[in-house]
Amino acid sequence: MGNKQAAFTESQLEQYQDCTFFTRKEILRIFRRYRDLDSDHIPKSYTRGEASRIKVPFEYIEKMPELKENPFRRRICEVFSEDGSGNMTFDDFLDMFSVFSEQAPQDIKAVYAFKIYDADGDQFLSKSDLGKVLSCLTRDELTQEEMNTVVEKILEEADLDDDSQLSYMEFEHVISRAPDFLNTFHIRI
Amino acid sequence: MAYQNRGYHHDSYSGDDYEHDYAQPDYPQHGPAVESIPMGHMNQGYEDDYDRRSRGDRHTVNDVRVDVDRRGSYTDADYDDDDEEYWRNRYREEYGGGRGGNIADQLPSKRIGTLGRSYAHVAASMSEDQVLRKRSSMRRRKSRHQTVRAGPSAHEAVMSPTAYIADEIIADEDLMEDTEAARLRREEAIKGMASGMSAKRKVRDRVERESNKRKMKKVGTCTIWCSNLTYAWRHFLSKIAELRYIFVLWRSHLKKIEGFFGTGILSYFIFLKTLFLLNVPLFVLSFCFITIPQLVYQPSPTVNNASFTGIELLTGAGWFENTELYYGYYTNTTIVMNPPLQYNMQLAYLCAGGGYFLLCLIILVHRMSKSFRTNYVEASFVKSQFVAKIFTCWDFGITEKEAAKLRHKSVYTEIVELLAETHKQAQELTGGQRCCRVLTRLCTWLLYFAMLGGSCYLVFFIAERLNQDIIKLISDNLAAGSATTALTLLVMPLCISAINFLLPFAFSILGSLEKYKYPRHELYISIFRTILLKWAILGVLLWFWFNKISRSSSDLACWETYVGQEIYRLVLVDFVFLLLTTFISEFIRNLFTQCCCKNLGKPEFDIARNVLDLIYAQGLCWLGAFFSPLLPVICMFKLFVFFYVKRISVVMNCRASSKAWRAAQATTIFLSILLLTFFIALAAVGYSIFAIKPSEDCGPFRGLANSYQSVLNLLETWQGQANLSWIKTVVDIIGSGYCRAFVLCILCLLVYYYAKVSASHKILVERLKHQISEEGKDKQFLLKMLQDASPKKTGSQNPDRKSASPQRPTSSGATPANQTGSPAKSPDQGGKDAFAMAMAARQQHEAVGVPPKDY
């Protein structure tokens, strides 16, 4: 970082490298992006535990170009913020992009996709969750009837144990074999 | 297992201590929402539950719940002493509180594994036998829990998951080996945890500490040396990874394109990038091993007296003829630098090409098989239209408002179409309609073949007609500079480019007439037709070159150079043509749209057509590399320019297709087409090496019967030397018919064997899937019974056993479906688990003395 004050200590960077799918350069780059969100309030140096303490409110994160057009942005931030509020520390922020990165394996992506789609957080994709996903995707253009049919079809295909909701296992079973999942569940930073 | 022994034992929970222990203030940092213990963890928990009950505890399994924040990461700050208290608190709160709840909430299938998944991930990163070993070792550990430590370990049911994962990793010998490989696997395991950064960090620190401790124990000089070496290697790799980040080509452009258009158009650019990178080794090999020696040697057999006027850049003739650009200029001598060092130009020429083709074959086959496996074979296990569509239709990479709008719209239309399709499937066509459709398709196919035949004939006709003129032009070198000569030379490439540009439009009209049920069938058919046209044209040209040109040695000094020039012109004209069409069909049309007629709309970017153009260009490059060793540079330059032109054009002028593009599957198709094109080029070059007589007075193979003769000559000289004569014998044996037949038989047997194996796997998968659904129904049934029974018996032990027992089938039944790679092993494992359950249940009854109830 030249003569500027280093954002992280060596050991912090090593920790991040071991815990995410990023290299050192990428981590610093993501940190710059994070600082840009609210550069007045985020300190330049994160060496004294700020990474898990200082939170950037959801309203700022939402405005990132990577997220601002995403219909699930609220849910994404909630899922990735440690307290579920949508306000993110740098740890959360880095973790988010690590999961969305190209190097992250399918099963982690599947876990987080499930959490994102599971709007009420009850560990099942129930009919109402699926309905919410659909209306997010189509901006409420589907009629109620169409929506019900689609939900029924989804359950018909994936609900193996007939409890009219998708558990994580059922979701993963299908999603891990959907060829485009890895391609689309991916944000380039 | 130092951790477990550190007073974290279950004993502290049992008996009277237990009330006392829990009189602690609530832990400050736990999250609001509730999540249950992850699956792998829970399995352990059942056994512990049984054991606990066997000691007279009176708590139901319903209550074994642990507070967790929403994302499944457990927000304990540190699991040393404070942590222990925290979890004890939780334990008491939940456990002692007797809070009832829906039993279904505790089912294992509901748990998103903090651990379960990470282990799946670890397992996936290891080889098959390692997994087996791992499983067996895990099983061993489980059985140890039950038998040796008869006093069970209740703590694990309430232990912080982070600690649990750390313990699991530490207990795993495969992961804790003192090798770099194990270290990498450890890191993978930690990265693969689906939990927050703080949890990961804690696990990492603990595992690191533990592994350092173990390292201290045994230190030999050899191990130190090895670990130093591996450390250096690792360091090197991480440096490379960082470099890779800098050198990833066109990163920001790709991001931008994805932001504007999503993965569909992005896949075109990624394909372009792949081709560009594929050409780099081709260029390096031919430049280093063919061109540089030639430059160093500088034989200058003929003086290049032709003048350079500039038009040669287009025609590739004239001044270029006697340069390193073409085959004919290269020498056939063995270059001797210092007396012992020789450089055989013939062999270098063959080996550089052969090496590249081999490399290319490996890369392409590898990519192709990987992509085919993930996109077709594995995808075929699950037949899902709606789930796959709904959960993968949103591109998370989209950053532009317009793109997002369009995507919303396209998702909507797709869903509606899909719904309509499922309704339509019911209705059958009437006889008349079917007849009409068959007739239309017959007509379109006839028309297609007429067009194909016509264009092939046109190419042949022009080639034949102009052949003599061109040969004459080339032989009197002086005329090559004028415009008319250039035009004569360029007629054929122009004509071919025009065919390649125009006919695909005709094919898409044909496709729309045929009224296919699914739009993707129409797309595949039009891709097939287009590529067949391109192959046919290439085939005609190759046939013409190999049969006519190479035999007319009296008129032509060097037929290889001639072929090289032809390919050079094809490549160049193709380049200019594509640039022009991009400019006209995208830029001008966009201008037109903006100025006068607004309802024309921005042009759509036709991914299929553009990708096929790239494949054709690459095919030309492969073909030409033998006849013109520097052609790969031109191809690289072409692709490089193309990337920028297309990138600017697409962002400025185009709009995304309103139809969905199944990027992953389409990429597989394009890769297979690329592979086939590669095989065609390989076959053509191979044919020219093995079967065609090279020119008498030019090129490295002058004077030989065919190019392969140079290798035979080398073998002959080796046979003369006593210590090398075996090589000739080996080559003879490999080349003999018996050997080839033998290899063919073996290959056939292998294919047969694998086909059988995969068929039986398919049957197995079907059965297991059936089993899952049956187990699921069982679960529902038992749950319902349990739910009915539980209010009457709250606090008694009996429901516990029941609530645990229906969970079993799900966990054991769900496993095989998720590991289709190794389905055969899982039922066995399930059986063992069930057996363990039965054992535990019996122990419990023996200890408590309650006879098992018959449900």
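The chains referred to below are lettered A, B, ... by the order of the sequence lines, with proteins before strands, and numbering in each begins at 1. All heavy atoms count here, side chains included; hydrogens, waters and symmetry mates do not.
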Item to check | Atom pair OG1/CG of B:Thr399 and A:Asn70 - distance to nearest 0.5 Å | outcome: 11.0 Å
Item to check | Residue pair B:Ile415 / A:Leu134, side-chain heavy-atom distance below 4.5 Å | outcome: yes
Next on the checklist: In this structure, is the centre-to-centre distance between the rings of A:Phe100 and B:Phe396 below 6.0 Å?
Outcome noted: yes
Checklist entry - Going by heavy atoms in the side chains, are A:Glu69 and B:Lys401 under 4.5 Å from each other? => result yes
Checklist entry - Would B:Tyr412 and A:Glu146 count as a side-chain contact (heavy atoms from CB on, under 4.5 Å) if you check the C-alpha gap in whole Å, the side-chain angles of each, and the deciding distance to 0.1 Å? => result CA-CA 11 Å; B:Tyr412 171 72; A:Glu146 283 170 330; 4.2 Å; yes
Next on the checklist: Looking only at heavy atoms and a cut-off of under 4.5 Å, which of A:Met96, A:Gln15, A:Glu141 has the most pairs with chain B?
Outcome noted: A:Gln15
Checklist entry - Would you say A:Lys68 has more than 12 foreign heavy atoms packed within less than 6.0 Å of its NZ? => result yes
Checklist outcome for this item: On a heavy-atom basis, the closest approach of A:His186 and B:Glu258 is O-OE2, 4.1 Å
Item to check | Region of A:Leu67 that comes under 4.5 Å of a non-hydrogen atom in chain B | outcome: neither
Item to check | Among the listed options B:Arg407, B:Lys409, B:Glu400, B:Glu774, the residue most often paired with chain A at heavy-atom distances under 4.5 Å | outcome: B:Glu400
Item to check | Contacting region of A:Phe22 [heavy-atom separation from chain B under 4.5 Å] | outcome: neither
Item to check | B:Trp394 to A:Thr184 - nearest heavy-atom pair and separation | outcome: O-CB, 3.5 Å
Checklist outcome for this item: Rounded to the nearest 0.5 angstrom, the CG-SG distance for B:Asp205 and A:Cys19 is 7.5 Å
Checklist entry - Do A:Asp18 and B:Arg201 have side chains that get closer than 4.5 Å, going by heavy atoms? => result no
Item to check | Distance, nearest 0.5 Å, that separates CD1 of B:Ile398 from CD of A:Glu66 | outcome: 13.0 Å
Checklist entry - Is there a side-chain contact between A:Asp180 and B:Thr263 (heavy atoms, below 4.5 Å)? => result no
Next on the checklist: Tell me if the centroids of the rings in A:Phe185 and B:Phe391 come within less than 6.0 Å of each other.
Outcome noted: no
Checklist entry - What residue among A:Ile154, A:Leu130, A:Val151 forms side-chain contact (heavy atoms from CB on, under 4.5 Å) with B:Ile390? => result A:Ile154
Item to check | Least distance between heavy atoms, B:His408 atom then A:Cys136 atom | outcome: CE1-O, 3.3 Å
Checklist entry - With a 4.5 angstrom heavy-atom cut-off, which part of A:Ile27 approaches chain B: side chain, backbone, both or neither? => result neither
Checklist entry - What residues, two or more places apart in sequence or in another chain, satisfy salt bridge (Lys or Arg N to Asp or Glu O under 4.0 Å) together with A:Arg73? => result A:Glu62
Next on the checklist: With a 4.5 Å cut-off on side-chain heavy atoms, are B:Lys191 and A:Gln17 touching?
Outcome noted: no
Checklist entry - Which pair of heavy atoms, one from A:Glu157 and one from B:Val387, lies closest together, and at what distance? => result OE1-N, 3.1 Å
Item to check | A:Leu137 and B:Cys393, any side-chain heavy atoms less than 4.5 Å apart | outcome: yes
Checklist entry - With a 4.5 angstrom heavy-atom cut-off, which part of A:Leu182 approaches chain B: side chain, backbone, both or neither? => result neither
Checklist entry - Got B:Arg204 and A:Glu14 here, is their nearest side-chain heavy-atom distance under 4.5 Å? => result yes
Checklist outcome for this item: Residue set satisfying side chain to side chain contact (heavy atoms under 4.5 Å, CB included) with B:Leu418, at least two apart, ordered chain then number -> B:Gln385, B:Phe386, B:Lys389, B:Glu421
Checklist entry - Quick one: does B:Glu414's side chain get under 4.5 Å of A:Thr138's, heavy atoms only? => result no
Checklist entry - So what's closer than 4.5 Å to chain B heavy atoms on A:Ile175: side chain, backbone, both or neither? => result side chain
Checklist outcome for this item: Rounding to 0.5 Å, atoms CG (A:Asn183) and OG1 (B:Thr667) come to a distance of 7.0 Å
